[in-house]
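Here's the structure, in structure tokens; my notes come after.
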Amino acid sequence: MKKTGDGSGAAAPLRDMGPAGPYHGDSSFSQEPGVRNIAIWGLLSALLLAFSAAAAAAPPTHKLPEPAITVRFDYYPQDLATIRALERKLASAIKHAKAGELGETELHLDGNDGFLYLYGPDPDRLYAAAGPS
């Protein structure tokens, strides 16, 4: 405990920092809390705008278009090896024809519904590459 000048042993009172905190008396920083809030929001808005512009200028990441062809099929769990072989053949045929690509295959856990997704700019070309020969 600090001794005060009056010899009572009481703690010294805290120094009055004024309404603006430690910047009391600093003429470069506004005393009005509302003005500070506006300045902070202005700065945050400018930063957000700068980051948004930078994100818009960034090159787009590789994103597949909507599926050009969706194939729905029924299957049994014992057919999984045959389905995987079909996926490899389709992927190879589509790549060889430069018609697009085979997306991820969706197999439902209950073991009866499956979907193949084929992506490419021209569905007719995809069908010609992946369809029955």
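Side-chain atoms are counted along with the backbone in the values below, which use heavy atoms only and exclude waters and symmetry mates. Note that the coordinates shown come from a computational prediction; the quantities given were computed from them, not determined experimentally.
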(request) Sorted by first residue and then second, give each salt bridge (charged side-chain N to carboxylate O under 4.0 Å, His left out) pair with at least one member in residues 89-99; sequence neighbours left out. (result) none
(message) Can you list everything that forms a salt bridge (Lys or Arg N to Asp or Glu O under 4.0 Å) with E87? Sequence neighbours excluded, please.
(response) R84
(request) Apply side chain to side chain contact (heavy atoms under 4.5 Å, CB included) to L90 and list each qualifying residue two or more places apart in sequence or on a separate chain. (result) L86, L102, L116, A130
(message) What's the separation between atom CG in L126 and atom CG in L118, rounded to the nearest 0.5 Å?
(response) 5.5 Å
(request) Report yes if some heavy atom in the side chain of L107 is under 4.5 Å from a heavy atom in the side chain of L80; otherwise report no. (result) yes
(request) Would you please name every residue forming a side-chain hydrogen bond (donor to acceptor under 3.5 Å, both in side chains) with T82, sequence neighbours left out? (result) none
(request) Please report the C-alpha distance between T70 and F115 in whole Å, then the side-chain angles of each, then the deciding distance to 0.1 Å, and finally whether the side chain to side chain contact (heavy atoms under 4.5 Å, CB included) criterion is met. (result) CA-CA 7 Å; T70 302; F115 295 89; 4.1 Å; yes
(request) Quick one: list whatever passes side-chain hydrogen bond (donor to acceptor under 3.5 Å, both in side chains) with R72, sequence neighbours left out. (result) D74, D113
(request) Could you name each residue pair satisfying salt bridge (charged side-chain N to carboxylate O under 4.0 Å, His left out) that touches residues 118-129, not counting sequence neighbours? (result) none
(request) Enter the distance from Y75:OH to H108:NE2 here, rounded to the nearest 0.5 Å. (result) 8.0 Å
(request) Identify, with sequence neighbours excluded, every residue that meets ring-ring contact (aromatic ring centres under 6.0 Å, His included) alongside Y127. (result) none
(request) Return the set of residues passing side chain to side chain contact (heavy atoms under 4.5 Å, CB included) with A129 (not counting sequence neighbours), or none when no residue passes. (result) A97, A99
(request) Look at the aromatic rings of Y117 and Y119 and report parallel, tilted or perpendicular, splitting at 30° and 60°. (result) tilted
